[in-house]
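In what follows, a structure is listed as structure tokens, so that the remarks can point back to it.
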Amino acid sequence: MKILVCVKQVLDGETPVRPDASGRWFEPVATPVWRMNDFDTFAVEEALRIRERVPDTTIDAISVGPERAAAVLTRALEMGADAGVHRVTAEEGRLSPGAVADRIAAWAGPRNYDLILTGAMSEDVMDAQVGPMLAALLGLPWATAAMRMDLSGRAIDAYPPPAAGPDASGSADRRSPPPESPPAACGAPRSVYVERELEGGVREALVLGLPALVAVQSGINRPRYPSLSHVLRARKQPLITAPAATPGTADGWERVAGVYETPPSRTGIFLEGSPEDKARRLLELLEEKALL
Amino acid sequence: MERTICVIAEISGGRIPPVTDEAVAFARRLQTLTGLEIRILAPQPPGSGAAGTLAAVTGLPVTAIAGPALAAYGAEVWLAALVPVLESMSAAYICLPHTATGADYAPALAVRLKAACVTAVEGCRGDAGGLVFTRSLCKGKLKLDVASTADVCVLTLLPGAIATADPPDACKSPPPAVPVTVVPCDCAPAGTRPLGRIPAPETDLDLDAAEVIVAAGRGVGREENLEFIRRLAAIFPKGAVGASRLVCDAGWLPYPHQVGVTGKTVAPRLYLACGISGTIQHITGMRGSRCIVAINTDPRAAIFQVAHYGIVEDLTTFIPILLDLRETRRHA
């Protein structure tokens, strides 16, 4: 099967940021540390696990971003992806989720991927939009916040249509997922069983007919570290680069009015002095409040 | 046709959750700024009373979209049910909660309606160029103001960020009931099948009962350092260990310890945040705590914005000092 994994390059969360000169986006204050969006590492890992179980699986990783974003595709190759596709954008600054989805859709549209994986969101902007937008642009069924996925050889039509009942939406009525036969035994995968994470640890189970898009939640697996052989291969393997074409239909529907430091919402007190002074003051405060 | 502000109600087990009240409150704020009328849409199975309840509580016109396939949420049927109704109402602003459900379909709805899409919105205001919506960036360190340049704008509202009106006064008469309009919907999913919900696993951990929660974030650095957090929680009579999502994702603590939008919402007497940066998702789950103390090496961390007391220190050196001093004072 053909899998496309969408990855984004983000600033490491520890890198301090500030509004940029235009006041319309942000920039790193110190020497930036760029890396793969954490959520996307889970998507890459999920693709690799599928390839280990389903014969003849290929994994393409794609990223939309400026020149520097090539590093994140190399990282995907180092983890084990087969090819890296870089849709190069001109400059720094905001790229709307619609514009990103549009550019990935332009690549994916004619290539008939069986499964498209994305992270649930990016760590820096947290829009959580590209996945569902991409699915809508390509006309695919989708699920977000996936905490479990199992491929199945069973076609979507073999599942009964949803049963009607008053407000079944709220019923927490299932304890275990349906037994899914391993795909290797039943030919090519035709559907994917997904458990989505809802609020408070509740999950929602569903089946998507392939081709489909799944946005995976962090924690679905343990992303691997690159193996030496993949690192050596990735060093030599060129990326497929394509300038991101002219802005599409989903571009430019939002205008950034400003980016600024979050004003303090409450005047808290920073405890001052040596670590011992701070510890003493904290203990006094906790005793005053009868917490100790 | 007159443009409208549409709220898509989230209904859970036939009940109206607070996130829906917040979406209505946000729509009322938009109404003040734009003068447009509000309509509430309630996708539901036929015969459900949820739409009627919404109309009675809000005094706003409610349209129930009723179909057998709408008994359980599914992105595909939600879009099929909502798009024609939203178009017929000439929706200018579409407000819905930024929950696991809302975030699942809102971006696709925006694509379908050729609309702007702003997610995890925390507030709005009017300025010279029109309406501006505010959300967080970079784990809450920065704020982003966005305006829509499209004809239609889909907005998902961060749970807990929008203030709702006080609970209705018992002496006050309820708003005049507005009749519910029912639009039948016979759509059925083609590419998806809902299989129901799986309850959260049973757990002995009860964060609700804890008076003090000592919570660990990515800043603990490594799994072994959780020992500092456990020892600190143990000095309180009713202390428990909480965690940020990242700590649970790393497998250092199981998910029942997680505080935040996708975990538990807590309000203990004391919340001691250790090495937690303070994403808006985490803060939403603990901002109701009576006293918040944050320990973090980064003085710019967003957690300090909600903390009553901030301590800029490395928790691996500070907590041992704190525990030693506590022992000394106890025996003094």
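Reminder, nothing fancy here: chain letters follow the sequence lines and each chain counts from 1. For the numbers below, each heavy atom of this structure counts, side chains included, while hydrogens, waters and symmetry mates do not.
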So for B:A190, is it side chain, backbone, both, or neither that comes closer than 4.5 Å to the heavy atoms of chain A? backbone
Return yes if some donor-acceptor pair links the side-chain N/O of A:Q129 with the main-chain N/O of B:C117 below 3.5 Å, else return no. yes
For A:P19 and B:L142, which heavy atoms make the closest approach, and how far apart are they? CD-CD2, 4.0 Å
Take atom CZ of A:R35 as the centre, draw a 6.0 Å sphere, and report whether it contains more than 12 heavy atoms from other residues, nucleotides or ligands. yes
For A:A120, is it the side chain, the backbone, both or neither that has a heavy atom under 4.5 Å from a heavy atom of chain B? neither
Could you go through A:K289 and B:L270, starting from their C-alpha distance and side-chain angles, then the distance that decides it, and tell me whether this counts as side-chain contact (heavy atoms from CB on, under 4.5 Å)? CA-CA 9 Å; A:K289 293 174 186 295; B:L270 170 66; over 6 Å; no
Begin with the C-alpha distance, continue with both residues' side-chain angles, and end with the deciding distance and a verdict on side-chain contact (heavy atoms from CB on, under 4.5 Å) for B:Y73 and A:R196. CA-CA 12 Å; B:Y73 167 74; A:R196 303 182 58 228; 3.8 Å; yes
Backbone N or O of A:E199 within a donor-acceptor pair of the B:T262 side chain at under 3.5 Å? no
Whatever's closer than 4.5 Å to a heavy atom in chain B on A:R281 counts as neither
For a quick test of reading the model, state the closest non-hydrogen atom pair linking B:Y255 to A:S218 and the distance between them. OH-O, 3.8 Å
Show the nearest heavy-atom pair for residues B:G140 and A:T262, with the distance to one decimal. O-OG1, 2.7 Å
Chain B contact via A:L286 - which portion, at a heavy-atom distance below 4.5 Å: side chain
What part of A:D38 gets closer than 4.5 Å to chain B, counting heavy atoms only: side chain, backbone, both or neither? side chain
Please state whether the side chain, the backbone, both or neither of A:L285 comes within less than 4.5 Å of a heavy atom of chain B. side chain
Evaluate the salt bridge (charged side-chain N to carboxylate O under 4.0 Å, His left out) criterion for residues B:R135 and A:D127: first the C-alpha distance (whole Å), next the side-chain angles of each, then the deciding distance (0.1 Å), finally the verdict. CA-CA 10 Å; B:R135 67 187 302 286; A:D127 273 323; 3.4 Å; yes
A:L271 versus chain B, the contacting section by heavy-atom distance below 4.5 Å: both
Cut-off 4.5 Å, heavy atoms of chain B, and the answer for A:S122 is neither
In terms of heavy-atom contacts, A:A143 and B:D104 come closest through C-OD1, 3.9 Å
If I measure from the heavy atoms of chain A, does B:P299 come under 4.5 Å with its side chain, its backbone, both, or neither? backbone
Check against side-chain contact (heavy atoms from CB on, under 4.5 Å), B:R269 and A:L291: CA-CA 8 Å; B:R269 289 179 63 204; A:L291 288 159; 3.8 Å; yes
Using modelled atom types and a 3.5 Å cut-off, is there a donor and acceptor pairing between side-chain atoms of A:K278 and backbone atoms of B:V312? yes
In this structure, which one of A:V17, A:V125, A:V259 forms a side chain to side chain contact (heavy atoms under 4.5 Å, CB included) with B:C138? A:V17
Which answer fits B:I280, side chain, backbone, both or neither, if we ask what part of it has an atom under 4.5 Å from a heavy atom of chain A? neither
Could you check, using the six-membered ring where one of them is a Trp, whether A:F270 and B:F304 have ring centers closer than 6.0 angstrom? yes
If you measure from the Lys or Arg side-chain nitrogens to the Asp or Glu carboxylate oxygens, is any gap between A:E195 and B:R197 under 4.0 Å? no
Can you tell me which of B:H98, B:K141, B:K264 forms the most heavy-atom pairs within a distance under 4.5 Å of chain A? B:K141
In Å, rounded to the nearest 0.5 Å, how long is the span from CZ of B:R326 to CG of A:L283? 7.5 Å
Side-chain donor or acceptor of B:T149 paired with backbone N/O of A:W253 under 3.5 Å: yes
Out of A:E272, A:M121, A:Q217, A:R24, return the one with the most heavy atom pairs under 4.5 angstrom to chain B. A:Q217
At a 4.5 Å cut-off on heavy atoms, which part of B:A250 comes close to chain A: side chain, backbone, both, or neither? backbone
Please answer whether the main-chain N or O of B:V146 pairs with a side-chain N or O of A:R255 as donor and acceptor at a distance below 3.5 Å. no
Chain B contacts, top residue of A:D157, A:L208, A:L282 (heavy-atom pairs, under 4.5 Å): A:L282
How close do B:V111 and A:M133 get, counting heavy atoms only, and between which atoms? CG2-CG, 3.6 Å
Side chain from CB out, backbone as N, CA, C, O: work out which of these in B:A103 comes under 4.5 Å of a heavy atom of chain A, or both, or neither. backbone
Charged N to carboxylate O below 4.0 Å: is that the case for B:R329 and A:E287? yes
Minimum heavy-atom separation for A:P16 and B:R300, please, with both atom names. CB-NE, 4.5 Å
Tell me, for B:V293 versus chain A, whether the close heavy atoms (under 4.5 Å) come from the side chain, the backbone, both or neither. side chain
Taking it one step at a time, do B:Q281 and A:M126 satisfy side-chain contact (heavy atoms from CB on, under 4.5 Å)? CA-CA 10 Å; B:Q281 283 74 7; A:M126 289 189 152; 3.4 Å; yes
Is chain A contacted by the side chain of B:S136, its backbone, both, or neither, given a heavy-atom distance below 4.5 Å? backbone
